[in-house]
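Proteins come first, then strands; the chains are lettered A, B, ... in the order of their sequence lines, and each starts at number 1. Note that the structure is a prediction, hence the values are computed from the model and not measured. Values reported hereafter were calculated over all heavy atoms of this structure, with side chains retained and with hydrogens, waters and symmetry mates removed.
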Protein chains: 2
Amino acid sequence: MPRSPTGHRVTMIDIAEAAGVSKSTVSLVLQGSPLVKADTRDKVLNAIDTLGYVYNRGAASLRNARTNLVGMVINDLANPFFAELAVGIERVFQTAGYIPFIANTAESPTRQAEVLRSMREHDIAGLILCPARGTRQGDLDAIITGGLPLVLAMRRVAGVKASSVTPDNFRGARRATEYLLELGHRRIAFIGGYADMTAQTERCGGYRAALEAAGLPVDGTMVIEGPTTRETGAAAIEQLLSLGAPPTAALCFNDVVALGANDALRRRGLATGADFSLVGFDDIREARHMWPPLTTVAVDTLSLGEKAAHAMLRMIHGDSRRDDYLGDVTLMMRDSAGHPKAV
Amino acid sequence: MPRSPTGHRVTMIDIAEAAGVSKSTVSLVLQGSPLVKADTRDKVLNAIDTLGYVYNRGAASLRNARTNLVGMVINDLANPFFAELAVGIERVFQTAGYIPFIANTAESPTRQAEVLRSMREHDIAGLILCPARGTRQGDLDAIITGGLPLVLAMRRVAGVKASSVTPDNFRGARRATEYLLELGHRRIAFIGGYADMTAQTERCGGYRAALEAAGLPVDGTMVIEGPTTRETGAAAIEQLLSLGAPPTAALCFNDVVALGANDALRRRGLATGADFSLVGFDDIREARHMWPPLTTVAVDTLSLGEKAAHAMLRMIHGDSRRDDYLGDVTLMMRDSAGHPKAV
DNA sequence: ACCTGAATTTGGAACGTTCCAAACGATAGT
DNA sequence: ACTATCGTTTGGAACGTTCCAAATTCAGGT
């Protein structure tokens with residue numbers, strides 16, 4: 001913090017003295033009030049930048065609530081998907097005059113609790129949360145009862161009554177699975193995520209639904225849980241290919257998992273799309289750049305982010321209606337999925 | 001913010017009343033002071049969570065300065081490289097008890113100014129900045145003279161005396177260029193970035209140095225500036241291949257640019273690594289997953305992030321020495337660079 | 001019962017802002 | 001000259017915390 005010659009923080013009072021006015025006048029200037037005479041304003045403005053004054057928003061909000069801070073708490077910033085989501089959200093807030101601050105929980109509920117607490121202590125206007133795996137209702141009800149506007153993004157939390165913005169996971173996964181079935185696959189695996197994440201149950205549910213509709217059994221050994229990382233994808237491939245009757249295709253929980261699976265296939269000398277088919281979820285930018293380009297379920301990340309931001313703004317402006325937005329999904333058919341080798 | 005039954009924010013005074021003690025005692029409890037008797041502490045703690053009290057850090061820092069907030073301002077969060085950097089930084093702060101807040105400037109100095117102002121107004125303990133392109137000394141000297149601990153990451157700003165953490169851009173680029181020369185290339189392009197970014201002048205400088213050392217001329221039409229995006233990479237390839245004597249290889253400013261260039265080559269039906277060689281910079285995770293795996297200069301992102309965080313912590317703890325850390329670089333030879341086709 | 005020192009607890013000023021009610025200065029109308 | 005009015009400016013209380021000095025309680029001698 002900038003300090004005056006006498007060693008303490010430069011405050012409005014210092015400015016007032018330097019400009020020969022009262023602190024009230026300085027306050028008015030800072031708020032852009034039309035009441036102050038033009039040349040008084042100039043004197044004040046001058047003093048402000050010769051002294052290097054920095055507005056103390058903490059002190060201000062002590063008197064008058066309202067902040068322009070919005071928190072975005074993200075479970076995995078290293079996943080490009082969430083980075084893209086964050087960018088969509090930011091764009092909206094920026095034009096609305098809010099400053100979004102991002103924090104990463106790296107999928108740790110403990111970390112999430114810390115971050116959430118810190119954000120509330122700093123008196124944010126609202127919170128967009130992509131909950132870490134393992135988040136329970138109890139972790140959030142302090143926020144709910146506190147009346148802080150909350151939008152859940154990508155994942156919901158059982159029992160928590162908050163607005164949410166998610167892609168249509170069920171339909172996306174069912175469509176992807178149907179596509180694999182159309183290609184002729186009969187043994188299809190599902191890789192990644194944990195059954196305690198809403199996104200996983202929905203995606204895995206769509207997968208099961210498609211299989212059942214086709215009259216195929218759902219084989220438990222074909223559903224492999226794990227963190228949504230490359231490593232999970234790679235390990236799952238190893239595990240699946242050592243099965244007695246290995247699958248010929250897999251639907252991955254998301255593109256990052258698919259990336260890992262693709263690596264493992266290549267290491268084994270198998271051609272993705274020909275020897276083994278892979279479908280991802282999210283359609284991150286990398287999906288079309290990897291080799292082969294990944295067939296995946298696109299979720300329109302940017303507009304999902306914008307929807308979340310708009311929902312937030314509505315709540316900040318006093319509209320307390322809950323709203324669950326289900327984003328459109330579309331299957332992007334690229335080259336990582338093809339007909340099974342041995343039909 | 002949580003409100004008491006009477007409608008106002010729940011404060012320490014409410015807690016004090018509910019617990020039958022004074023506000024001072026509540027304050028002591030909140031600070032974990034050993035002075036308070038165990039059962040008083042319990043009474044207070046109880047009141048706190050039945051009333052849903054939220055600590056008001058703004059009010060607190062009004063009295064006693066010190067914050068546990070650190071700002072991280074990043075010029076392009078959509079570039080996985082910076083996301084990885086952020087993760088490295090976070091890891092350190094987390095264990096040190098600081099909460100890093102991330103903001104994205106999307107390479108816009110205007111946006112950066114807003115974000116910087118907001119962060120200072122919220123009284124952060126320090127700032128790690130990856131400056132947006134076009135940041136000038138004047139944009140930062142309010143921060144410097146204000147005495148806020150500042151670490152510049154990845155890019156420096158001419159004239160700004162602040163600690164910095166950057167990879168050894170010059171050496172990395174020279175090494176990469178030498179490698180292309182060893183492979184037999186004689187016409188080598190440099191793609192991406194602008195000459196007003198320190199990182200670009202250093203990388204491009206390394207490229208020139210290698211060419212000159214080999215007795216080759218530096219051809220201005222072979223150096224293509226542009227934002228560090230995929231689009232730049234793609235457009236550059238189009239432009240370069242339409243030259244009278246097109247290059248046979250290119251060093252890209254970073255991996256994202258290389259990704260774009262690789263796409264453009266594929267669209268043209270050229271095989272990267274055989275028909276045209278590409279070298280990137282950064283070694284983002286995607287680099288080894290794209291096709292073909294990208295030859296690139298690895299910068300050890302994680303430890304760069306950790307170095308930045310440690311430099312920051314030192315400054316926060318009062319050590320005001322400037323420190324310029326130059327991170328090690330190593331060339332990762334993968335498949336996107338090979339011998340030129342027509343030697 | 002009384003004194004002493006240690007262990008706890010407390011009132012109040014201070015931090016930097018906002019906002020209200022009131023004051024001020026200039027101008028114009030009588 | 002006096003008042004009303006308008007446009008500006010201002011003092012001071014309040015916001016929720018911390019921290020100091022002082023007050024209170026407690027236990028153990030005597």
(Q) Taking B:Arg57's backbone N and O only, do any of them form a donor-acceptor pair with B:Ser61's side chain (distance below 3.5 Å, no angle check)? (A) yes
Q | OG1-CG distance between A:Thr105 and A:Leu77, expressed to the nearest 0.5 angstrom | A | 9.5 Å
Q. Would you say B:Thr145's side chain and B:Asp141's backbone share a donor-acceptor pair under 3.5 angstrom?
A. yes
Q. First and last nucleotide of DNA chain C touching chain B, 5' to 3', heavy-atom cut-off 4.0 Å?
A. C:dT8 to C:dG16
Q) Sub-3.5 Å donor-acceptor pair from the side chain of B:Asp14 to the main-chain atoms of B:Thr11, do we have one? A) yes
Q) Do any N or O atoms from the side chain of A:Glu306 and from the backbone of A:Gly88 form a donor-acceptor pair under 3.5 angstrom? A) no
Q | Candidate list B:Arg133, B:Gln112, B:Glu107, test side chain to side chain donor-acceptor pair (under 3.5 Å), partner B:Asn75, passing option | A | B:Glu107
Q) Looking only at heavy atoms, what is the nearest atom pair of B:Met315 and B:Pro149, with distance? A) CB-CB, 3.8 Å
Q. So what does A:Thr11 hit on the nucleic acid, given a heavy-atom distance under 4.0 Å: a base, only sugar-phosphate, or nothing?
A. sugar-phosphate
Q. Which of residues 32-39 of chain A have a heavy atom under 4.0 Å from DNA chain D?
A. A:Leu35, A:Val36, A:Lys37
Q) Between the main-chain N or O of B:Leu35 and the side-chain N or O of B:Ser33, is there a donor-acceptor pair closer than 3.5 Å? A) yes
Q.
Quick one: does any side-chain atom of A:Ser164 pair with a main-chain N or O of A:Arg156 as donor and acceptor, under 3.5 Å?
A. no
Q) Near DNA chain C, which residues from residues 55-64 of chain B have a heavy atom under 4.0 Å away? A) B:Leu62, B:Arg63
Q: Evaluate side chain to side chain donor-acceptor pair (under 3.5 Å) for B:Ser22 paired with B:Thr25, printing each intermediate quantity in order.
A: CA-CA 5 Å; B:Ser22 76; B:Thr25 304; 3.3 Å; yes
